[in-house]
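Values reported hereafter were calculated over all heavy atoms of this structure, with side chains retained and with hydrogens, waters and symmetry mates removed. Here is the naming used below: chain letters follow the sequence lines, and residue numbers restart at 1 for every chain.
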Number of protein chains: 2
Amino acid sequence: MARRLRSRADLDDEDCRAIIALPHAVRVYEAPAYIIREGGPPTSYCTLILSGLAFRQKVTLTGARQIVSIHMAGDFIDLQHLFLKRADHSVQALSRVEAVDIERSALRQLIIDRPAVGRAMWTDALIEGSVFREWVVNVGRRDAKTRVAHLLCEFALRMQAAGLANGEGFELPMTQEQIGDAVGLTSVHVNRTLKLLAAEGLIERDKRFVKYRDWQRLQHVGDFTSLYLHLDQAGGEQKTL
Amino acid sequence: MARRLRSRADLDDEDCRAIIALPHAVRVYEAPAYIIREGGPPTSYCTLILSGLAFRQKVTLTGARQIVSIHMAGDFIDLQHLFLKRADHSVQALSRVEAVDIERSALRQLIIDRPAVGRAMWTDALIEGSVFREWVVNVGRRDAKTRVAHLLCEFALRMQAAGLANGEGFELPMTQEQIGDAVGLTSVHVNRTLKLLAAEGLIERDKRFVKYRDWQRLQHVGDFTSLYLHLDQAGGEQKTL
DNA sequence: CGGGGGTTTGAAAAATCTCAAATCTAGTGG
DNA sequence: CCACTAGATTTGAGATTTTTCAAACCCCCG
């Protein structure tokens, strides 16, 4: 199971063996279950998604929710806890999620012992940071249409990179309300925007399935450039699955 | 100079010596100079701020700018380049900035050789990520008044943590337009919001200087909790200056 | 004293949100 | 196989927030 880890490290020789040897346990979460709880007690492991989708969220004083990132197979969802003391947000399963919990201390040790693994983890963390930055931009400076299109592009590309979508389209298993929480809009407005994108012939939708009708133009409308995802890092080192 | 690095690592014994021994060079940037340029060629060093302020920004297709983070003495401003190939954004000096450029390869090696240093760097990177997440929330789900108040709180606290402000107030050397770009609002609206905060007796302003009149209430209005800054990490390991 | 940026203000325009109701859809229990 | 229900998607219309555009002011600087 956890051997998927192997493929994501950039230049692993036989660090793989060490990775596989890590003490771990697979766990399954159903639909809207919390994988990490804000403020919760620090767990003693780090978890990596094997399959399914999950999202990271924070809640406002007024009760509004902001989804801060979406995660799929191959993503570590709580690298933070590798070194930070407290969970400042929570992570929830968006669909059925299979994940491995890895002994945190062992992972730390591995980073120290095997520089290549450490490097892969660093890369992973830095890319995640880059994605956060792009989200700040998306939510802070783009209008509704652009925001939603951008989200679709990012999701599509990441799904493809993870081998979970083909060039046709993809299943976006999120409620329109959740999409809204991800881009900082109301579910109502997301709905109108989605319809607008479809009306303009950029996408076609059938339930939660989104098919691209004009990928180039969609990227353009969404002001999307994949640079920030750093998908090319060291020859597919990252989240290759 | 670069010995300030020492104080930020959580449990440094005499890794300090190694840190000080790093090949480095101090450089000074004036007012609106670029320290890092988007898409620019990867430099061969990482830079840490010694004094002054800088901000990280990305630009939208329509030309809008979003400031994604603000940095002060003790912050690494391009940890990303430690392992990522390309700059996906730029960093500009907000005031006169003194910074040290540290040989990237040497820094990487140091992380490997001295686990304690590596850990400090990890913590630093993870905290930065946490701050980004909070910014996504701020910009995505809070109204103008709350956003601006939140920014003020964060800045105030970080300045204090860095020993650059006292309990009275602080100098916020940003244009209202820049503040707007940081919180995703228009300079005009920032102006009105700032006046509102003052009118409500939360702050008092004199030019760019902001004095708190009711720190508690300001935090409340700004929906601010310092948890996400992880200032307590390992007994002031971080950016203690 | 003349600029040039930055800050204020006003008023109208635009984007987004709210509230509410109508529709749909998948799942449940008869 | 069908009625029924809860949650999700749509749609409409008015209310709000934020943006735009423009002009007035201010203050530091040379």
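- Within the 3.5 Å criterion, the main-chain N or O of G52(B) finds no donor-acceptor partner in the side chain of R96(B).
- The distance from the CZ atom of F155(B) to the SG atom of C153(B) is 12.5 Å, given to the nearest 0.5 Å.
- Sparse packing is recorded around CZ of R86(B), with 12 or fewer heavy atoms of other residues, nucleotides or ligands lying under 6.0 Å away.
- Screening residues 164-180 of chain A for side-chain hydrogen bond (donor to acceptor under 3.5 Å, both in side chains) gives Q176(A)-N191(A) as the qualifying pairs, with residues at least two apart or on separate chains.
- Between the P atom of dT25(C) and the CZ atom of F209(A) lies a distance of 18 Å, rounded to the nearest Å.
- Near-neighbour residues of DNA chain D inside residues 179-190 of chain B, defined by a heavy atom below 4.0 Å, number-ordered: G184(B), L185(B), T186(B), V188(B), H189(B).
- In this structure F55(B) satisfies the ring pair (Phe, Tyr, Trp, His ring centres under 6.0 Å) test with no other residue, sequence neighbours excluded.
- Using a 4.0 Å cut-off on heavy atoms, the residues of residues 136-152 of chain A that approach DNA chain C are D143(A), A144(A), listed by number.
- With sequence neighbours excluded, the residues satisfying side-chain contact (heavy atoms from CB on, under 4.5 Å) with A64(A) are T60(A), T62(A), R141(B).
- A distance-only check finds a donor-acceptor pair linking the side chain of Q66(B) to the backbone of D181(B) [under 3.5 Å].
- Comment: R217(B) does not engage E200(B) in a salt bridge, judged by the lack of any side-chain N to carboxylate O separation of less than 4.0 angstrom.
- Ring planes of Y212(A) and W215(A): tilted class, angle from 30 to 60°.
- Atom CG in N191(A) sits roughly 15 Å away from atom P in dT16(C) (whole-Å rounding).
- The NZ atom of K207(A) sits 7 Å away from the C1' atom of dC24(C) (whole-angstrom rounding).
- With rounding to whole Å, E177(B) atom CD is found 14 Å from dT8(C) atom P.
- Scanning atom types as modelled, one donor and one acceptor separated by under 3.5 angstrom connect the side chain of R192(B) and the base of dG10(C).
- Taking the charged nitrogens against the carboxylate oxygens, R142(A) and E134(A) do have a contact shorter than 4.0 Å, which makes a salt bridge.
- Taking side-chain N and O atoms only, R205(B) has no distance below 4.0 Å to OP1 or OP2 of dG6(C).
- Aromatic ring orientation, H150(A) versus Y228(A): parallel (interplanar angle below 30°, classes split at 30° and 60°).
- Distances shown here put a side-chain N or O of Q176(B) below 4.0 Å from the OP1 or OP2 atom of dT8(C).
- Of all nucleotides in DNA chain D, those with any atom nearer than 4.0 Å to a heavy atom of chain B start and finish, going 5' to 3', at dT18(D) to dC21(D).
- Per the geometry, CD belonging to Q178(B) stands 12 Å off C1' belonging to dG5(C), to the nearest Å.
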